[in-house]
Amino acid sequence: MNEERQKFVAQHVATLPKSGIRDFFALVSQRPDAISLAIGEPDFVTPWHIREAAWFALELGKTSYTDNSGLIQLRREISKYVGDFFKLDYQPNDEILVTVGVSEALDLVLRATLNPGDKVIYHHPCYVSYNPSIQMAHAEAVGVPTSSENQFTLDPEDLRKAWQPRCKALILNFPTNPTGGTASAEVLKEIAAFAIEKDLLVISDEIYSELTFDGRHTSIATLPGMKERTVLLHGFSKAFAMTGFRIGYACGPQEIIDAMMKVHQYSMLCAPILSQEAAIEALKNGGPAVQKMKSQYRQRRDYIVKRFNGMGIPCHTPGGSFYVFPDIRPTGKTSKEFATELLNTQSVAVVPGTAFGEAGEGFVRAAFSTSYENLIEACNRIEAMINL
Ligand SMILES: Cc1ncc(COP(=O)(O)O)c(C=O)c1O
């Protein structure tokens with residue numbers, strides 16, 4: 001590290017820890033033969049008709065910028081889709097913003113709403129970006145642990161205990177990456193009442209909502225008094241298998257979408273036009289493909305949960321997402337020891353739970369977004385290591 005050059009790095013960035021996943025992925029990349037249950041993205045290629053829409057748009061010479069907010073045709077489709085799927089009504093003109101994935105939407109909502117010194121509550125284990133994104137918005141992250149005993153839902157009592165003065169926002173993510181945790185209508189009601197009591201903005205990342213296996217997904221924004229204080233983040237990466245298209249959106253109160261739009265237009269300008277064209281097709285005709293992928297995820301989920309439990313590794317059944325978060329504490333190893341040994345001795349990659357926050361110690365994340373055959377072989381190898 002050269003101190004002369006290091007001095008140019010902003011203090012709040014210099015103090016950010018590197019992603020816990022990074023070191024581990026460096027190890028995984030040295031093992032190209034490994035079966036990977038480590039990657040958080042679908043193993044399916046984007047359905048052909050969606051790819052074709054992008055291809056066709058390119059052929060028609062659609063290579064320009066779009067409206068900063070996104071193509072109006074796309075915003076209209078989003079409005080219809082969100083209306084049908086979430087039962088929420090958003091106006092295409094001023095309550096929907098098309099973004100470069102949920103990643104950008106998250107960054108925008110944080111930067112557009114937080115003042116230095118504000119605090120944001122989030123539940124963990126969680127998606128690796130929440131804590132650093134809060135810090136990059138010059139705010140303070142307040143973590144609330146969730147536990148396997150509670151099926152990794154957010155206990156409203158724990159939320160209450162974690163609250164501090166200057167908490168301005170609450171990030172929710174159901175179904176959750178990395179645990180697959182969901183929140184029942186009862187829990188959501190209690191969280192909503194708390195958000196209203198404490199006057200919190202709710203940032204609800206519902207990127208895995210279509211991949212809810214048991215019952216119907218409910219957005220907190222549908223509860224009384226919540227739509228006006230919730231920004232719903234959603235995208236195409238997971239359910240439509242479109243990670244590489246980098247396309248997502250935010251729906252929320254006009255004032256907040258407007259503020260996010262300011263940050264977006266000066267930083268990103270607009271989401272790529274070809275991805276927007278593909279997204280229109282996804283929303284119009286992608287339903288059957290999503291259902292097909294979902295039914296495969298469900299089969300794989302049932303298989304992997306049964307296998308882990310069968311080998312004496314307690315594994316709760318995730319209500320959604322394509323992750324399981326088994327409890328490896330009976331092996332006596334830490335998350336990192338377990339994942340490293342599994343990689344080195346059995347060539348199977350899983351991610352140490354600690355990559356998702358300290359509440360992940362004692363667990364690993366295994367993504368079942370891989371073929372059934374790979375899953376069977378991976379489970380055989382995990383069992384072999386445990387039986388050693
Ligand atoms: C909970 C969660 N939110 C957001 C993202 C980022 O999504 P996108 O590809 O839309 O930027 C991910 C990706 O893994 C995720 O798991």
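Each residue takes its place number in the sequence, starting with 1. Source: prediction; values computed, not measured. The figures that follow rest on heavy atoms only: side chains count, while hydrogens, waters and symmetry mates do not. Order of appearance sets the numbers: ligands from 1, and atoms from 1 within every ligand.
Using a 30° and 60° split on the angle between ring planes, Tyr297 and Phe368 fall in the perpendicular class, above 60°.
Aromatic rings of Phe363 and His316 (six-membered ring for Trp) have centroids beyond the 6.0 Å cut-off, not under it. A ring-centre distance under 6.0 Å is not found for Phe322 and Phe44. Between Tyr127 and Tyr122, the gap from one ring centroid to the other reaches at least 6.0 Å. Within the 6.0 Å centre-distance limit, the rings of His234 and Tyr249 are counted as a close aromatic pair.
Looking at residues two or more places apart in sequence or on another chain, you find a side chain to side chain contact (heavy atoms under 4.5 Å, CB included) between Thr46 and Ile50, Arg51, Met242, Phe245.
Using a heavy-atom distance under 4.0 Å as the criterion, the protein contacts of ligand 1 are Gly101, Val102, Ser103, Tyr127, Tyr130, Asn173, Asn177, Asp205, Ile207, Tyr208, Ser237, Lys238, Arg246.
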